[in-house]
Amino acid sequence: MGEDTFKGLLKIAKEDLDVLVDAFAKSSYVVLAPVAEGEATKFGVIGGMRIKIPHLTTRPVKELFFPQNETLFSFDCSGKADSTIKTPDAVTPDGVIPDAVMPDAVATDGISPRVIMGVRPCDARALVLLDYVFASNEYKDPYYTIRREQTVVITFACPRPGIACFCASTGGGPYDETGSDVMFMESDDSYLIKVISEKGRRLFQESLPLLKGGCSECPCVIFEADDTDIRAARDAKAASEQLLSANCSANVPIEAAVDTLGRSTGFSDPAWEEIYRKCLGCAVCTYLCPTCHCFDIGDEETNDYGERVRNWDSCMFPLFTLHASGHNPRPSRKERFRQRVMHKFNYFVEANDCIACVGCGRCVENCPVNLDIRQVLSVFAGGVFA
Amino acid sequence: MLDSISAKAPENWEPKIVAFLCNWCSYAGADLAGTGRIQYPPNVRVIRVPCSGRVDPLMILKCLTRGADGVLVSGCHPGDCHYIAGNYLARRKFALLDELLDFFGIEKGRVHFSWVSAAEGEKFADVVKQVTETVKAQGKPCLGQICGDERG
Amino acid sequence: MNKMTGNGTEKGTRHIIEEGIRNTATKMLESGEVDVFIGYEEGTLPLRTTPAFITCPEDATRLVWGPACENNLTVYLPKFQGAVGVVVKGCDVRTLTNLILENQISRDKVKIVGVPCSGIIDRDRIRKVLGTEGPIERSMERPVRSAQVTERSLILEGDGFEFEIQLEDVLAPSCETCAYPIPVVYDVLIGDESMARHAKDSEAGYVEVTRFAELERDARFSYFSREIERCIQCYACRQACPLCYCPECFTDRQSPKWISRWRGLSDKILFHLGRILHVAGRCVDCGACRRACPVGIDLRLLTKNMEKVVKESFEYESGLDIDCLPLLAAYKREDPDDFIL
Ligand code: SF4
Ligand code: SF4
Ligand code: SF4
Ligand code: SF4
Ligand code: SF4
Ligand code: FES
């Protein structure tokens with residue numbers, strides 16, 4: 001990220017954010033943003049609600065692209081239906097994109113494009129990692145790909161990284177633009193807006209004329225940022241990065257850990273014997289992780305009707321590797337915990353040349369026994385965790 | 001969706017009731033009702049079990065989430081269990097299940113328990129009549145509707 | 001200064017308990033009485049401690065004690081290899097007696113190190129207090145950057161604020177009305193009984209249950225359905241519960257397949273009702289399941305109601321007695337049967 005981070009920025013007052021959202025909606029984008037659900041937060045359609053951006057949603061944005069449950073196709077053997085295999089045209093609870101589209105039917109017509117506001121840089125970066133899995137050159141998952149193509153990701157840079165954040169150690173940062181189409185940067189009582197991708201540009205081109213400002217003629221809520229604004233934004237960025245690096249637990253020696261795990265001895269390192277011990281074997285760390293992407297495909301039937309479904313799965317569950325014979329190649333939590341860490345910091349590196357962790361800290365905060373991945377990595381880096 | 005859980009059942013609606021009957025008593029009781037030509041509502045679908053103690057509360061819950069409108073579990077009278085205490089042990093489990101379902105907000109009168117011996121054909125018919133009427137009066141179960149509202 | 005426990009140099013109760021735990025662990029490990037000693041050590045986040053598995057006497061100084069010692073460590077005991085020492089609070093020991101009754105660990109393999117408990121803090125409550133009275137809007141920030149525990153309060157620091165909360169205001173709900181803060185069974189009791197917090201009225205724990213039961217049926221059903229609808233089926237509640245030790249839980253059975261990960265609400269309800277029934281008459285209201293849930297699902301009303309029913313119908317309280325039959329492995333001729341046709 002060079003100096004041009006701050007070139008050509010737009011500016012909007014915080015209180016005008018909802019006006020902008022209205023304009024997005026008017027130009028036929030469905031707007032999603034963080035919504036509260038009980039004690040937790042996740043991304044959902046905001047409807048007419050005011051946007052509130054939490055530090056980080058409890059549930060990551062990945063589920064809008066790779067939902068926890070999805071129907072791939074359905075089959076009807078009753079003889080009554082006109083076709084035996086059908087791609088469902090049901091609409092997701094978010095009312096956005098047909099639940100499933102078969103490869104030959106991939107077409108963007110009729111599917112409304114959507115904007116996700118308030119994504120954090122770590123989550124946006126995680127989408128690029130998911131692309132390696134679901135939208136690589138060799139293999140494109142149609143269900144995932146169409147959702148990606150139709151979505152504009154608006155990231156909000158983090159002015160105050162939290163106590164569990166360690167994005168900078170994973171190659172990202174509180175102002176990292178990877179995976180974002182547009183980035184909003186907080187600066188006093190306004191946001192500076194940086195349009196990054198072509199998709200982002202299109203969104204603004206289509207919506208700006210629809211902005212209702214103080215007068216009917218011009219979009220007076222959006223301005224060009226001046227030098228003072230840019231200076232303020234630059235200071236905010238520096239302050240944010242400073243805040244992050246001042247938290248010593250945010251400085252995780254990931255390279256050294258990746259190196260240890262990548263050696264031929266990594267898999268059988270004696271540290272595995274101890275490090276997993278407090279793990280309970282739940283799926284909190286994997287289900288809430290923005291980069292975890294394991295799934296299980298199965299059939300769900302009733303009488304003569306059935307659906308082929310894809311559900312999230314977790315390597316922390318015994319069922320994940322249970323063979324039909326009853327044999328389980330990962331018989332205990334030790335092997336399962338090792339799999340989680342090795343996948344993120346070794347196997348994924350071998351396959352894609354980058355780690356599968358963006359340092360969002362969700363697993364750190366939500367693990368019921370505070371088994372901290374940063375600590376685990378520090379152990380493999382041969383150091384002591386601060 | 002959750003607000004409409006008490007939707008009324010259509011007219012002439014006939015509930016489906018799953019009856020878990022102990023092989024040694026209630027099942028024979030049902031047989032006796034049959035051979036004695038005692039009339040009872042045809043709403044029950046009988047599943048024969050070796051003892052009321054075999055009935056795992058999960059079986060009852062699963063019935064309710066998969067389309068049954070009511071469940072009846074019937075075993076030997078206290079003291080008469082073929083396995084000595086199966087029904088006593090079952091009784092504790094059922095008492096807890098009963099309270100749990102009620103507290104959770106699942107209609108009273110959805111799940112029933114009875115003791116019917118092999119000699120009580122008459123009682124079996126009465127129990128089925130009573131259960132069918134209660135379930136009918138309740139309409140469609142809230143649990144089943146959730147299931148139907150979702151993915152079948 | 002130990003931040004998570006507030007154990008400074010002053011000889012407060014917690015400090016005495018902490019030293020007691022360390023000395024006991026050292027002794028037990030040195031004498032070879034136990035192979036592993038399970039206690040708590042400082043966590044990596046404010047307001048957190050984390051389970052510690054200590055095998056060398058020198059490491060015993062890592063052990064801590066304080067109101068952030070939230071985990072129920074007996075979850076690690078079923079089928080534990082070798083002799084083990086474990087730190088237990090009043091509620092934790094009652095899950096342990098259940099494990100002993102149910103033959104999951106033999107009494108002579110485990111050294112029970114009991115602590116008189118004065119209650120643990122509830123992080124959700126802290127977040128709520130910060131949201132309503134404090135400087136931070138609920139769930140809008142990761143609020144706290146550092147925390148210190150004093151004898152009676154928590155001092156929380158975040159971006160541009162410092163805020164003091166009384167411990168008494170953020171105790172875990174189960175702790176507020178806890179009837180057994182002193183472990184009912186132990187090999188070693190650290191400190192003495194006066195060091196525990198004794199609830200004024202432990203029956204008050206049922207007030208909410210009674211009030212809830214008076215709501216309309218529809219309202220009860222909607223409440224629980226809405227709560228359970230948010231469940232992401234991560235099974236952390238099950239995994240954190242010491243009594244959910246089944247090698248293969250019914251949720252994982254493939255034949256018959258009780259629970260599907262796809263059916264949504266109906267199967268989530270089936271899971272929770274099934275689990276509540278499986279811990280009926282065994283649950284001790286330790287709260288581990290609730291704390292483990294990443295989306296804050298609270299089904300304590302269900303377990304608490306079960307506890308009440310069990311007490312009233314069978315005069316049984318879980319985990320108090322080490323020589324009895326588990327509730328559902330026993331019966332009395334005169335057990336209630338007025339619900340049977
Ligand atoms: S969240 Fe924690 S306890 Fe649960 S599987 Fe992950 S590391 Fe283990
Ligand atoms: S491993 Fe943990 S910190 Fe890394 S991306 Fe996943 S949830 Fe976030
Ligand atoms: S069900 Fe919950 S409160 Fe009860 S013993 Fe298990 S973890 Fe503790
Ligand atoms: S829910 Fe039931 S089957 Fe599953 S682990 Fe708990 S007690 Fe065992
Ligand atoms: S911990 Fe919470 S989200 Fe996870 S399975 Fe239990 S109730 Fe559901
Ligand atoms: S044999 Fe009939 S209830 Fe046990």
Side-chain angles (χ1 to χ4, degrees), chain B residues 1-3 5-6 56-62 64-66 72-75 77-79 85-108 111-116 123 126-128 130-131 134 142-152, chain C residues 209 212-213 215-226 228-229 250 253 256-260 262-274 276-278 280-281 299 301-302 304-306 308-310 312-314 316 327-341:
Chain B
M1 174 192 74
L2 290 176
D3 296 314
I5 45 176
S6 314
D56 183 335
L58 279 175
M59 291 151 95
I60 300 171
L61 294 170
K62 183 92 172 181
L64 291 177
T65 57
R66 286 296 183 283
L72 165 67
V73 183
S74 191
H77 283 276
N87 52 2
Y88 281 127
L89 292 166
R91 190 168 64 178
R92 282 200 163 181
K93 283 188 276 183
F94 297 155
L96 297 180
L97 176 67
D98 209 45
E99 295 282 356
L100 176 64
L101 292 183
D102 183 36
F103 189 75
F104 195 91
I106 288 164
E107 311 89 335
K108 272 258 183 214
V111 180
H112 299 264
F113 308 95
S114 65
W115 305 140
V116 174
K123 179 172 181 191
D126 284 346
V127 165
V128 171
Q130 194 184 334
V131 169
T134 336
C142 46
L143 258 188
Q145 287 192 38
I146 280 177
C147 188
D149 278 351
E150 280 176 43
R151 296 130 161 175
Chain C
V209 169
F212 187 81
L215 295 177
E216 292 287 320
R217 185 192 66 71
D218 257 9
R220 300 200 300 272
F221 187 78
S222 303
Y223 170 81
F224 284 124
S225 303
R226 272 178 225 278
I228 291 176
E229 203 173 25
F250 77 97
R253 288 291 293 278
K257 192 169 170 187
W258 291 106
I259 302 285
S260 143
W262 170 81
R263 272 181 185 271
L265 184 54
S266 70
D267 278 23
K268 291 177 193 176
I269 290 181
L270 196 56
F271 161 60
H272 285 290
L273 287 179
I276 301 283
L277 281 169
H278 285 186
L299 298 179
L301 275 170
L302 288 177
K304 202 69 189 162
N305 176 60
M306 265 296 139
K308 181 166 168 267
V309 169
V310 166
E312 286 168 0
S313 308
F314 304 108
Y316 182 90
L327 177 78
L328 292 179
Y331 65 91
K332 283 188 193 139
R333 277 174 210 289
E334 62 280 12
D335 280 344
D337 65 356
D338 49 349
F339 63 95
I340 294 177
L341 298 173

Checklist entry - Non-hydrogen atoms of chain B under 4.5 Å away: do they reach the side chain of C:L301, the backbone, both or neither? => result both
Checklist outcome for this item: If one checks every heavy atom of C:D338 against chain B at 4.5 Å, the contacting part turns out to be neither
Next on the checklist: Quick check: closest heavy atoms across C:F314 and B:L96, and the distance to 0.1 Å?
Outcome noted: CE1-CD2, 3.9 Å
Item to check | CG on C:L299 to CZ on B:F104, rounded to 0.5 Å | outcome: 8.0 Å
Item to check | By salt bridge (Lys or Arg N to Asp or Glu O under 4.0 Å) - contacts of C:K332 (at least two apart) | outcome: none
Checklist entry - Between B:R92 and C:L328, is there a donor-acceptor pair closer than 3.5 Å when you use the side chain of the first and the backbone of the second? => result no
Item to check | Closest approach of C:L341 to B:K123 (non-hydrogen atoms, all atoms of both residues) | outcome: O-NZ, 3.5 Å
Item to check | chain B contact via C:Y223 - which portion, at a heavy-atom distance below 4.5 Å | outcome: neither
Next on the checklist: Quick check: closest heavy atoms across C:F221 and B:G105, and the distance to 0.1 Å?
Outcome noted: CB-O, 3.6 Å
Checklist entry - Pick from C:V209, C:L273, C:V309, C:L302: which one has the most heavy-atom pairs with chain B under 4.5 Å? => result C:L273
Checklist entry - Nearest 0.5 Å, what's the CD-CE distance between B:E99 and C:M306? => result 7.0 Å
Checklist outcome for this item: One option among C:L270, C:N305, C:V310 has the most heavy-atom pairs under 4.5 Å with chain B, and it is C:N305
Checklist outcome for this item: Most contact-rich option vs chain C, by heavy-atom pairs under 4.5 angstrom, among B:D98, B:I106, B:D56, B:V127, is B:I106
Next on the checklist: Go through it in stages, so that I can follow the logic: the residues are C:D267 and B:R66, the test is salt bridge (Lys or Arg N to Asp or Glu O under 4.0 Å), and I'd like the CA-CA distance, side-chain angles, deciding distance and then a yes or no.
Outcome noted: CA-CA 10 Å; C:D267 278 23; B:R66 286 296 183 283; 3.2 Å; yes
Item to check | Plane angle bin for C:F212 and B:F103 - parallel if under 30°, tilted between 30 and 60°, otherwise perpendicular | outcome: tilted
Next on the checklist: At a 4.5 Å cut-off on heavy atoms, which part of C:I228 comes close to chain B: side chain, backbone, both, or neither?
Outcome noted: side chain
Checklist entry - Can you name the closest pair of heavy atoms from C:L277 and B:P57 and give their distance? => result CD1-CB, 3.6 Å
Next on the checklist: At a 4.5 Å cut-off on heavy atoms, which part of B:V131 comes close to chain C: side chain, backbone, both, or neither?
Outcome noted: side chain
Checklist entry - So, do B:T65 and C:I269 sit near enough that their side-chain heavy atoms are less than 4.5 Å apart? => result no
Checklist entry - Which word best sums up how the rings of B:F113 and C:F339 line up, parallel for under 30°, tilted for 30 to 60°, or perpendicular for over 60°? => result perpendicular
Next on the checklist: How long is the straight-line distance from CH2 of C:W258 back to CG of B:L58, given to the nearest 0.5 Å?
Outcome noted: 5.0 Å
Checklist entry - Non-hydrogen atoms of chain B under 4.5 Å away: do they reach the side chain of C:A330, the backbone, both or neither? => result both
Next on the checklist: Quick check: closest heavy atoms across B:S114 and C:I340, and the distance to 0.1 Å?
Outcome noted: CA-CG2, 3.7 Å
Next on the checklist: Is B:D102 close to chain C through its backbone or its side chain, or both, or neither, when contacts mean heavy atoms under 4.5 Å?
Outcome noted: both
Checklist entry - Taking the side chain from B:R91 and the backbone from C:R333, do they hold a donor-acceptor pair closer than 3.5 Å? => result yes
